[in-house]
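Scroll down for the structure; my scribbles are underneath it.
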Number of protein chains: 2
Amino acid sequence: MSTVTKKRREIIDRPQQILRVAREIFRERGYLGLNMDRIAEQMGIAKGTIYQHFKNKEEVILSMAVETLEKRIAMFERAVLFQGSARARMAAMGCAAELFVINFPDHFELEKVLSCSSIIEKTSEKLQAAKTVAEMKCISLVAGLVRDGIASGGLLLPNDFKPDQIVFGLWSISYGGYSIMESQETLKQMGIENGFRLVRDMNNKLLDGFNWKPLSSEFDYNAIFDEVRTRIFSDFPKP
Amino acid sequence: MSTVTKKRREIIDRPQQILRVAREIFRERGYLGLNMDRIAEQMGIAKGTIYQHFKNKEEVILSMAVETLEKRIAMFERAVLFQGSARARMAAMGCAAELFVINFPDHFELEKVLSCSSIIEKTSEKLQAAKTVAEMKCISLVAGLVRDGIASGGLLLPNDFKPDQIVFGLWSISYGGYSIMESQETLKQMGIENGFRLVRDMNNKLLDGFNWKPLSSEFDYNAIFDEVRTRIFSDFPKP
DNA sequence: GCCATTTTTGACGTTCCGTCAAAAATACGA
DNA sequence: TCGTATTTTTGACGGAACGTCAAAAATGGC
């Protein structure tokens with residue numbers, strides 16, 4: 001009886017086990033180094049068994065991304081509870097985004113692989129939808145803060161702008177900034193040493209551009225970053 | 001004698017011919033659909049001949065990117081000559097960047113493929129350097145405009161900011177924004193229809209955040225976009 | 001026209017993907 | 001406990017693509 005349970009559990013857990021091993025390999029050897037034979041060997045199972053859980057290699061990758069996206073949602077949900085003005089809470093959200101990238105470095109690499117259209121195209125609509133849902137959850141959390149900013153009077157959005165568009169702007173800076181950061185060569189040539197800090201600053205300046213009070217010249221949002229890191233995300237390793 | 005010349009020319013032109021065909025295939029079938037056999041077949045030469053000019057598939061891709069990057073440099077060099085305030089010229093630069101993405105749609109896809117570390121790692125340092133050089137040329141053109149802004153008094157940069165960092169911010173918004181636009185289902189879910197316009201607006205708001213005069217509330221920088229498109233880049237097809 | 005050099009060729013070894021028929025493991029009723 | 005039905009696992013296999021290299025073809029100089 002206990003054997004039955006054990007066996008069943010083993011099968012149920014397998015997808016996560018596969019993703020765990022795949023992530024390990026991906027982190028160490030990158031996209032081209034990740035292959036199904038290697039996963040199978042490392043797990044001590046046959047390759048065919050992996051295909052019982054994942055349609056193809058690309059779905060393994062997409063599944064890894066969805067998995068870490070859930071972590072990001074959890075982090076965003078914690079950050080949104082930060083006490084302070086709407087803008088301060090937005091800064092806390094930025095901190096969460098930054099800590100996410102630092103603590104789950106493989107996720108960003110996964111995103112880049114998946115941004116190649118010919119790769120994502122090999123995955124099922126269903127799994128793609130799962131990723132979109134997870135992303136939307138993050139976005140709506142951020143958009144909620146923009147609405148809070150409007151509601152509390154700190155932000156007066158021009159007529160032709162909508163909260164989601166602000167989110168798009170912040171998202172672009174973060175996504176673009178982190179991407180550029182990783183391809184280090186160019187950045188060093190530019191004489192930029194602390195990319196993370198810079199992404200924060202740019203996000204702040206964008207919000208300043210929308211005249212979201214208090215402006216970054218009136219309030220030290222970088223101070224919040226330390227506070228958020230030590231208070232809300234104390235369970236993450238310090239930098 | 002004429003045969004000699006012809007033969008020699010053929011060999012000299014080959015790399016570009018290969019890139020031309022490769023780009024065609026890449027555009028139609030993406031990264032996974034681009035393979036050396038296909039290039040060879042399409043060109044009517046043997047696969048081995050391609051390897052005389054390119055170390056591997058990844059170098060073909062990187063070379064394509066460098067090739068289009070040269071186009072971007074040329075466009076930036078034209079845009080920088082726009083007549084107006086430094087900020088207006090920066091808007092013109094944004095127009096150039098946008099038109100580049102529209103007119104060379106494969107370039108962005110190439111960038112995304114190359115942003116995968118395990119892919120770029122297969123290319124030679126030398127070729128990577130060529131890409132960095134091309135990128136730096138673009139960056140320094142933009143940075144020059146920031147300096148012009150400072151020199152002409154429209155922009156007073158806070159002590160802890162340097163021109164290159166402003167470029168980083170603009171670059172992030174554009175790179176991030178265009179990336180999100182191309183890949184995303186998510187964008188549609190967000191109810192964003194005109195992504196290009198939005199990227200422009202965000203760049204403008206970022207510069208507003210730095211209080212670069214005249215602010216976008218005082219001057220219609222979007223009007224410049226039409227002017228730049230029709231005046232400077234009249235040789236590009238209209239949208 | 002002949003030989004040395006350069007260039008091209010495509011068959012080949014290799015790696016990895018995804019499949020599938022056979023084998024092993026498990027479930028279950030008698 | 002045993003025998004049969006069902007589920008799960010296996011790894012050999014066909015196919016696709018990479019990159020190589022010895023042989024063949026083309027070219028050049030005399």
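Protein chains get the first letters and strands the later ones, always in sequence-line order, with residue 1 at the start of each. Computed from a predicted structure; not experimentally measured. Just the heavy atoms: all of them, side chains too, but no hydrogens, waters or symmetry mates, feed the values below.
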Identify each donor-acceptor pair in which a side-chain atom of residues 173-181 of chain A lies under 3.5 Å from a protein atom, sequence neighbours left out, and give them as a table.
| residue | atom | partner | partner atom | Å |
| --- | --- | --- | --- | --- |
| A:S174 | OG | A:L170 | O | 3.2 |
| A:S174 | OG | A:N203 | ND2 | 3.3 |
| A:S179 | OG | A:Y175 | O | 2.9 |

Margin query: Measure CD1/B:I50 against P/C:dT7 and give the value in whole Å, please.
Written below: 17 Å
Next item on the list: Quickly work out the A:H53 NE2 to D:dT10 P distance and round it to whole Å.
Entry: 10 Å
Notebook entry, point to check: Can you check the B:Q52 CD to C:dG10 P distance for me, whole Å?
Noted result: 14 Å
Notebook entry, point to check: Within 45° of the ring axis of A:Y31 and under 6.0 Å from its six-membered ring centre, is that where the NZ or CZ of A:K57 lies?
Noted result: yes
Note to self: Once side chain to side chain contact (heavy atoms under 4.5 Å, CB included) is applied, do any residues pair with A:T123, and if so which ones, sequence neighbours excluded?
What the structure shows: A:E58, A:E59, A:L62, A:I120, A:Q128
Next item on the list: Take nucleotides 16-23 of chain C nucleotide by nucleotide from the 5' end and write B, S or -, depending on whether a protein heavy atom sits under 4.0 Å from the base, only from the sugar-phosphate, or from neither.
Entry: SBBB----
Check: Hey, does the Lys NZ or Arg CZ of A:R72 hover above the aromatic six-ring of A:F100, less than 6.0 Å from the centre and inside 45° of the axis?
Finding: yes
Note to self: Checking A:S234 against A:R229: is there a side-chain donor and acceptor pair closer than 3.5 Å?
What the structure shows: no
